[in-house]
*Asks:* 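Okay, handing you the structure first.
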2 protein chains.
Amino acid sequence: MRDVARLAGVGVKTVSRVVNGEPNVSADTAERVRRAAAELQYEPDLHAGNLRRADGRSHTIGLLVSSVANPFAAQVHRAIERVATEHGYAVFATSLEDDPVAEQRAIAALSRRRVDGYVVTPVHDDQSYLRVHLDRGTPLVCIDREPAGIDVDSVVTSNYDGARDAVRHLVAHGHRRIAFLGDLERIQTARLRRAGYLDELADAGITPDPALIVLDLHDDASATAVTRRLLTLPEPPTAIFSSQNLVTVGAIRALQQLGLEHDVALVGFDDVEAGDLVKPRVSVVAQDPDRIGRLAAERVFARIGGDGGPARQIVVPTRLVVRGSGEIARPEAQRGGS
Amino acid sequence: MRDVARLAGVGVKTVSRVVNGEPNVSADTAERVRRAAAELQYEPDLHAGNLRRADGRSHTIGLLVSSVANPFAAQVHRAIERVATEHGYAVFATSLEDDPVAEQRAIAALSRRRVDGYVVTPVHDDQSYLRVHLDRGTPLVCIDREPAGIDVDSVVTSNYDGARDAVRHLVAHGHRRIAFLGDLERIQTARLRRAGYLDELADAGITPDPALIVLDLHDDASATAVTRRLLTLPEPPTAIFSSQNLVTVGAIRALQQLGLEHDVALVGFDDVEAGDLVKPRVSVVAQDPDRIGRLAAERVFARIGGDGGPARQIVVPTRLVVRGSGEIARPEAQRGGS
DNA sequence: CTGAAAGCGCTAACAG
DNA sequence: CTGTTAGCGCTTTCAG
């Protein structure tokens with residue numbers, strides 16, 4: 001910057017003014033400075049500036065997700081990036097792989113880089129250790145899961161209501177023996193989906209059969225095995241509600257292996273890629289990662305912008321996507337039996 | 001930091017030494033400093049340090065991809081992040097959405113943030129405008145597509161050989177009328193895949209039928225329409241090589257609509273999510289995003305580490321994934337005809 | 001409208 | 001082993 005000033009024959013402050021588009025520079029001088037900057041290929045150093053700048057903004061936010069390679073997280077990421085770009089912000093994305101230690105490390109790394117805000121998918125059971133950063137005034141918004149131990153904005157999917165929608169849909173097609181394939185119970189969203197399943201059954205006057213409820217599934221292989229077992233029960237389910245992405249894939253595979261995919265209804269929670277190439281096409285309760293990301297980013301920027309209101313909990317509704325697998329009716333043969 | 005020094009009763013430089021793990025501090029003093037730092041919740045400011053630090057490293061790299069939401073890019077991103085984390089680096093990811101203007105803007109934004117290196121999926125036809133940054137000594141590695149106009153490291157998929165593998169596989173199953181569904185010709189990788197298709201046909205002694213070659217497809221809807229048209233030709237293809245992700249999905253849908261999915265062979269370039277739930281399961285020539293990302297990151301860090309060797313072009317081979325759709329043999333009825 | 005001096009938080013270079 | 005001084009590239013403050 002000194003070089004630019006010298007070349008343009010002005011003081012450094014004038015260069016600063018031109019670079020930052022501040023007023024009180026004659027058009028003539030400004031032009032001279034711009035030419036000098038171009039000639040020297042001058043690029044202002046954002047960080048050096050922030051060091052002294054009044055607001056001290058780094059124009060950077062941090063995003064913590066399970067994995068940037070996870071399709072859901074990746075779409076959230078894209079939505080956040082879009083909002084960030086509008087605000088002239090860049091985003092650091094970090095993958096946690098569900099490791100609480102990584103969560104802390106990542107926050108520390110971003111804090112040292114002086115990010116202006118965080119969007120976090122909590123891994124820890126307790127986020128109270130984040131107070132330190134909140135005290136500093138750096139805003140934090142939780143997505144996907146409600147935070148514990150701190151009072152911050154959050155944007156989550158309507159896990160409970162979405163699960164109820166799925167089950168209600170199956171009940172409406174005559175099913176009463178509806179299996180539940182649940183994700184790890186230690187995950188908050190998994191518990192909410194299970195609760196939705198149970199409550200909807202109760203409201204429909206159906207007594208849940210414990211034999212049809214399997215929890216703590218997390219990958220497609222185990223989901224396939226479990227589904228096969230359920231389907232070969234003396235009294236198998238006539239419908240399945242699988243509460244997670246990979247579990248749904250596993251269930252589909254099991255149905256295909258047994259040749260039952262056109263006989264047993266299936267609704268999954270969370271959309272499945274290429275889910276409409278499978279036969280029958282798979283019906284799901286879809287989340288809205290784009291909207292979650294956008295809303296979370298808007299919350300962060302509102303806070304950065306000075307919004308000091310009470311913490312807001314935003315719930316993003318799911319959408320029932322009817323494609324075929326969820327609309328298979330209960331077999332007539334069983335109608336009489338109930 | 002001054003506060004920490006005061007509280008610990010030492011000079012700022014001693015605090016600096018402790019924070020950075022430099023030698024020449026007595027264990028006793030170090031402990032006192034650490035305690036003071038903890039009490040004040042001191043977090044060093046990485047950027048302030050870099051301003052004066054000899055190497056001036058920001059410990060940050062920038063990644064430019066088509067979209068962080070794109071599954072291929074997201075996996076590359078994850079792989080790069082893994083390597084970056086090992087080196088204590090954070091990564092800025094930016095989506096370009098194939099917009100050349102965005103490419104320049106993104107580079108400028110990262111340059112102002114003084115990233116130590118770039119990993120770029122080129123959008124521009126000509127990257128020579130990047131010379132500026134290279135001259136500054138900031139390394140840049142291109143992925144997915146070869147750069148034009150600059151001499152830098154690159155890591156790309158073996159598009160040409162992969163396409164030949166796919167076609168050879170179909171030929172080995174008796175096919176001679178093999179359709180080609182190509183991506184936008186302005187994309188370098190699309191041209192390479194087309195070239196591989198044509199050369200492999202030539203080597204097999206097959207004269208390509210222009211009626212079976214469709215270029216400039218980019219989404220699944222148009223691919224579906226085109227595939228339907230091809231399959232209803234008087235002399236339809238007995239096999240299809242679709243050269244891109246979404247195009248493959250479109251082709252599958254068309255095959256399903258016409259009930260031909262078990263009669264016409266299909267091999268796609270690039271893996272299709274849940275491609276093994278479809279019946280028949282879809283055979284593909286898979287890329288290796290994980291390896292591409294890892295190698296690209298390793299190149300960047302080698303350059304950051306001082307490697308001044310000539311630019312290296314790394315080609316990552318594809319892998320033929322045999323799942324069923326590509327192994328459908330040419331119908332016997334047609335055998336006599338050729 | 002413009003520039004000189006001070007200082008942001010930190011590290012380099014040196015002197016104790 | 002430790003502290004002091006200078007200065008990284010920039011913006012603030014304030015005097016022209």
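The sequence lines fix the lettering, A, B, ..., with proteins before strands; numbering per chain opens at 1.
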*Asks:* Under 30°, 30 to 60°, or over 60°: which ring-plane class applies to A/His124 and A/Tyr129, parallel, tilted or perpendicular?
*Replies:* perpendicular

*Asks:* Give the table of side-chain donor-acceptor pairs shorter than 3.5 Å for residues 11-19 of chain B, with sequence neighbours excluded, one pair per line with atom names and distance.
*Replies:*
unit_1	atom_1	unit_2	atom_2	d
B/Ser16	OG	B/Asn20	ND2	3.4

*Asks:* Quick one: CD on B/Glu81 to CG on B/Leu63, what's the gap to the nearest 0.5 Å?
*Replies:* 10.5 Å

*Asks:* Should B/Arg78 and A/Glu97 count as an ion pair when the cut-off is N to O under 4.0 Å?
*Replies:*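 Between A/Glu97 and B/Arg78 there is a salt bridge, with a charged N closer than 4.0 Å to a carboxylate O.
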
*Asks:* Tell me which residues in residues 4-17 of chain B put a heavy atom below 4.0 Å from DNA chain C, sorted by number, or none.
*Replies:*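 The answer is B/Lys13, B/Ser16.
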
*Asks:* Does this structure show an ion pair linking B/Arg35 with B/Glu39, if we count only N-O contacts that are shorter than 4.0 Å?
*Replies:*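 Not counted as a salt bridge, because no side-chain N and carboxylate O are separated by less than 4.0 Å.
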
*Asks:* So which one's nearest nucleotide on DNA chain C is more toward 5', B/Asp55 or A/Arg32?
*Replies:* A/Arg32

*Asks:* Whole angstrom is fine here: how far is it from CD in B/Glu43 over to P in C/dC10?
*Replies:*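 After rounding, the gap between these two atoms is 10 Å.
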
*Asks:* Applying side-chain hydrogen bond (donor to acceptor under 3.5 Å, both in side chains), name anything that partners A/Glu146, two or more places apart in sequence or on another chain.
*Replies:*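 Partners of A/Glu146 under the side-chain hydrogen bond (donor to acceptor under 3.5 Å, both in side chains) test: A/Ser154, A/Gln313.
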
*Asks:* Rounded to the nearest 0.5 Å, how far does CD1 of A/Ile107 lie from OH of A/Tyr118?
*Replies:* 5.5 Å

*Asks:* Distance check, rounded to the nearest 0.5 Å: B/Leu140 atom CG versus B/Ile150 atom CD1?
*Replies:*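 That separation rounds to 5.5 Å.
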
*Asks:* Nearest-Å distance, CG (A/Asn20) to P (D/dG9)?
*Replies:*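 These atoms are roughly 17 Å apart.
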
*Asks:* Measure CG/A/Asp3 against P/D/dG9 and give the value in whole Å, please.
*Replies:* 9 Å

*Asks:* Rounded to the Å, how far apart are A/Asn24 CG and D/dT12 P?
*Replies:*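 A/Asn24 atom CG is separated from D/dT12 atom P by 14 Å.
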
*Asks:* Between the side chains of A/Asp126 and A/Ser128, is a donor N or O closer than 3.5 angstrom to an acceptor N or O?
*Replies:* yes

*Asks:* Just the rounded figure in Å: distance from C1' of C/dC10 to CZ of A/Arg113.
*Replies:*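 The answer, rounded to whole Å, is 16 Å.
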
*Asks:* Could you work out how much the helix from C/dC1-D/dG16 to C/dG16-D/dC1 bends, comparing the axis of its first five pairs with that of its last five, to 10°?
*Replies:*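 Angle reported: 30°, given to the nearest ten degrees.
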
*Asks:* Taking only distance into account, with no hydrogens and no angle test, what donor-acceptor pairs under 3.5 Å do side-chain atoms of residues 45-62 of chain B form with protein atoms, sequence neighbours excluded?
*Replies:*
unit_1	atom_1	unit_2	atom_2	d
B/Asp45	OD1	B/His47	N	2.9
B/Asp45	OD1	B/Ala48	N	3.0
B/His47	NE2	A/His47	NE2	3.2
B/Asn50	OD1	B/Arg53	NE	3.3
B/Asn50	ND2	B/Arg57	O	2.1
B/Asp55	OD1	B/Arg57	N	3.2
B/Arg57	NH2	B/Ile304	O	3.3
B/Ser58	OG	B/Arg114	O	2.6
B/Ser58	OG	B/Asp116	OD1	3.2
B/Thr60	OG1	A/Arg113	NE	3.4
B/Thr60	OG1	B/Ser58	O	3.0

*Asks:* Quick one: is B/Thr29 getting a side-chain N or O under 4.0 Å of the D/dC1 phosphate, OP1 or OP2?
*Replies:*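 Indeed not, no polar side-chain atom of B/Thr29 lies that close.
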
*Asks:* To the nearest Å, give me how far apart NE2 (B/His59) and P (C/dC10) are.
*Replies:* 15 Å

*Asks:* Set out, line by line, the N/O atom pairs under 3.5 Å between protein and nucleotides 6-8 of chain C.
*Replies:*
unit_1	atom_1	unit_2	atom_2	d
C/dG7	O4'	A/Arg52	NH2	3.4
C/dG7	N2	A/Arg52	NE	3.3
C/dG7	N3	A/Arg52	NE	2.9
C/dC8	O2	A/Arg52	N	3.4

*Asks:* Atom NE2 of A/His47 and atom P of D/dC8: how far apart are they, to the nearest Å?
*Replies:*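 Rounded to whole Å, this separation is 19 Å.
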
*Asks:* When rounded to the nearest 0.5 angstrom, what distance separates OG1 in B/Thr157 from CD1 in B/Ile292?
*Replies:*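 Atom-to-atom, B/Thr157:OG1 and B/Ile292:CD1 are 3.5 Å apart.
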
